[in-house]
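One structure below.
Order of listing sets the numbers, starting from 1, for every ligand and every atom in it.
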Amino acid sequence: MARYVTRFAPSPTGPLHLGHAFSALTAWARARDAGGTALLRIEDLDRSRARPEWEARIFEDLHWLGLDWPRPVIRQSDRQAAYDAALARLAPLTYPCRCTRADIRAALNAPQEGAQGPDGIIYPGTCRHRRMEDAGPDDTIRLDMARAMAAAGPLTFVETGQAPGPRTVTAEHMIRGVGDVILSRRGMGAAYHLAVVVDDAHQNVTEAVRGADLADATPIHVLLSRLLGLPVPQYHHHRLIRDAAGRRLAKRDDARALSTLRDEGLTPHDIRRLLWPDGPAPL
Ligand code: GLU
């Protein structure tokens, strides 16, 4: 079996909060228990929001928690050539799209009832007839989900986190419940789904540890891995850390930022006690 490799892949668009600490500590603990490695990857695809200052704070916060990682750290902004190669390989299953959000809403008969997938409203397929030969620089590139699922065949993966066990991904779910996902965004290069799959394979990740909020995106990642001939890692989706009112912690909510808690005098041990109130922290 391949040596265990996992990763923590934050976006440098705001402070790390308790939810990130939970994710990182879980990943590092699982790597230690498996005699493997935990990597840090900087997911800075969204150039309009990513900032070097936030990246520096990520390093600082993780070190404060007692974590370290192999260098060099990969940044997604340096990886466009690899994403372009993957996109070229998927070209027979993709098409260019120039719809704006308003176009998409207008194309739906009952916009308020537009079905929601992991990325929001499921794309109605307006541009699906267009060909890649006609793609312009301002086009978004979408995956034709029906053709992609026909090409991929049956999809399975293993969940090791919440409700662990094998999972099957059906064409029915992917076509009706996910739709033609975006692989490359107008003016922004690779989209999250493509980048994460290409990078996890590039870094030989055997298990992706991340919050349960990303569980709905996992079938997309399994599909893209298969279409690109890449190994499918295991996925470990963990519980989400909520604030006292039961709301998910948003990255922009500075109140629960690790650095704020640190400035208030909390220690890394206190953070672990907050995250694992019912027993010892795994790391
Ligand atoms: N970059 C994503 C985030 O900040 C995590 C991606 C992943 O773990 O697959 O939430």
Worked check of side chain to side chain contact (heavy atoms under 4.5 Å, CB included) between R89 and L228: CA-CA 7 Å; R89 188 159 171 182; L228 290 166; 4.1 Å; yes
Of the options R98, M132, R186, which is the one that meets D139 in a side-chain contact (heavy atoms from CB on, under 4.5 Å)? R98
Numbering as shown, the atoms of ligand 1 that approach S11 to under 4.0 Å (heavy-atom distance): 1 (N), 4 (O)
Go through it in stages, so that I can follow the logic: the residues are Q234 and T206, the test is side chain to side chain donor-acceptor pair (under 3.5 Å), and I'd like the CA-CA distance, side-chain angles, deciding distance and then a yes or no. CA-CA 6 Å; Q234 293 185 351; T206 59; over 6 Å; no
So is A9 in contact with ligand 1, going by heavy-atom distances below 4.0 Å? yes
In ligand 1, which numbered atoms sit nearer than 4.0 Å to a non-hydrogen atom of V196? 9 (O)
Between E43, R7, R210, R41, which one has a non-hydrogen atom sitting closest to atom 6 (C) of ligand 1? E43
Within the 4.0 Å heavy-atom cut-off, what F8 brings close to ligand 1 is neither
Angle class for the H237/Y235 ring planes (parallel below 30°, perpendicular above 60°, tilted otherwise)? parallel
Set of salt bridge (Lys or Arg N to Asp or Glu O under 4.0 Å) partners for D144, sequence neighbours left out: R147
